[in-house]
Amino acid sequence: MAKRYWLMKSEPSVYSIENLRSDGTTCWDSIRNYQARNNMRAMSVGDEVLFYHSQAIPPGVAGIARVVREAYPDHTQFDREHEYFDPGSDEDDPRWWMVDVEFVRAFDEVLPLNEVKEDSALADMVLVRNSRLSVQPVKAEEFRRILHLGGQP
DNA sequence: GCCAACGTTGGC
DNA sequence: GCCAACGTTGGC
């Protein structure tokens with residue numbers, strides 16, 4: 001399977017690219033949206049991820065991560081104490097899944113969403129067309145274009 | 001804080 | 001299966 005590309009959103013006040021830098025690797029838990037979950041289940045080890053800061057000033061692409069573990073059940077759905085506990089999920093047939101990603105690098109500066117929106121080559125990005133989806137596919141040429149706009153080699 | 005866009009729930 | 005009501009996301 002050829003390498004694929006994705007974009008994953010995180011609120012930096014909760015978990016930023018700098019948190020990922022210091023952790024090295026993290027599990028992408030607490031996703032409770034079927035489309036986002038399906039996208040995570042389609043990921044392969046080695047796929048590259050644009051790490052996006054939402055609810056930030058400015059919102060935008062903050063860096064790059066890489067998938068290091070394919071989808072496995074999200075433990076938080078079974079944790080009664082957890083905010084995203086899901087009483088409807090069966091341990092033998094879990095509803096929610098997550099992947100592990102590792103830090104690759106941070107952009108020197110966040111590439112702001114408005115610059116993405118202004119770039120005609122990126123007009124069809126899911127990010128531009130459906131601003132709500134938190135885990136989304138990115139085309140190879142879109143990924144390359146984002147890196148270019150973000151000042152990456 | 002507002003609100004548009006989207007997703008989910010539940011009555012019928 | 002439709003659709004109104006409600007909830008959430010996320011830019012601004």
Side-chain angles (χ1 to χ4, degrees), chain A residues 4-23 26-43 47-67 70-101 103-139 141-152:
Chain A
R4 280 174 296 189
Y5 302 90
W6 310 92
L7 180 148
M8 299 173 94
K9 294 181 187 173
S10 185
E11 298 180 25
S13 63
V14 177
Y15 197 88
S16 71
I17 189 76
E18 293 307 322
N19 292 124
L20 183 60
R21 187 205 293 276
S22 54
D23 290 348
T26 195
C27 59
W28 209 268
D29 64 24
S30 303
I31 298 297
R32 296 293 183 269
N33 170 283
Y34 288 104
Q35 222 177 326
R37 178 207 68 179
N38 292 347
N39 286 333
M40 286 199 293
R41 294 188 73 170
M43 292 179 183
D47 285 358
E48 292 195 81
V49 177
L50 298 172
F51 193 113
Y52 180 89
H53 282 175
S54 60
Q55 308 273 70
I57 303 172
V61 180
I64 305 166
R66 184 188 295 118
V67 177
E70 288 170 21
Y72 62 108
D74 178 345
H75 54 91
T76 64
Q77 70 194 302
F78 303 123
D79 177 359
R80 291 185 172 278
E81 305 300 313
H82 197 276
E83 182 182 359
Y84 294 108
F85 172 64
D86 183 353
S89 184
D90 179 352
E91 297 227 22
D92 294 325
D93 185 17
R95 185 176 287 168
W96 305 114
W97 297 67
M98 62 188 183
V99 295
D100 289 354
V101 300
F103 178 81
V104 175
R105 62 184 183 275
F107 289 0
D108 295 332
E109 291 178 27
V110 169
L111 172 64
L113 176 62
N114 61 17
E115 291 186 25
V116 175
K117 287 182 169 172
E118 285 167 6
D119 191 278
S120 60
L122 298 174
D124 286 332
M125 273 193 83
V126 178
L127 182 69
V128 174
R129 295 186 156 264
N130 172 5
S131 66
R132 288 190 35 172
L133 186 60
S134 66
V135 179
Q136 49 181 260
V138 174
K139 296 193 187 93
E141 60 269 28
E142 293 168 342
F143 189 87
R144 283 193 298 269
R145 182 70 181 156
I146 292 281
L147 262 51
H148 174 73
L149 294 177
Q152 300 298 304

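Each chain gets a letter, A, B and so on, in the order its sequence line appears, and its residues count up from 1. Just so you know, these numbers come straight off a predicted model, no measurement behind them. These values consider heavy atoms only, across backbone and side chains, with no hydrogens, waters or symmetry-generated copies.
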Side-chain atoms of residues 78-85 of chain A: list all donor-acceptor pairs with protein atoms under 3.5 Å, sequence neighbours left out, distances to 0.1 Å.
residue: Asp79(A); atom: OD1; partner: Glu81(A); partner atom: N; Å: 2.9
residue: His82(A); atom: ND1; partner: Tyr84(A); partner atom: N; Å: 2.9

Mind listing the side-chain donor-acceptor pairs of residues 109-116 of chain A below 3.5 Å, one per line with the distance, residues two or more places apart or on another chain?
none

What pairs with Trp6(A) under ring-ring contact (aromatic ring centres under 6.0 Å, His included), at least two apart in sequence or on another chain?
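Trp6(A): no ring-ring contact (aromatic ring centres under 6.0 Å, His included) contacts found.
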
Which residues satisfy the side-chain contact (heavy atoms from CB on, under 4.5 Å) test with Ala123(A), sequence neighbours excluded?
none

Validation: residues 49-61 of chain A side-chain donor-acceptor distances under 3.5 Å, sequence neighbours left out:
residue: His53(A); atom: NE2; partner: Ile17(A); partner atom: N; Å: 3.1

With B for base contact, S for sugar-phosphate-only contact and - for none (protein heavy atoms under 4.0 Å), nucleotides 7-12 of chain C reads BBBBBS

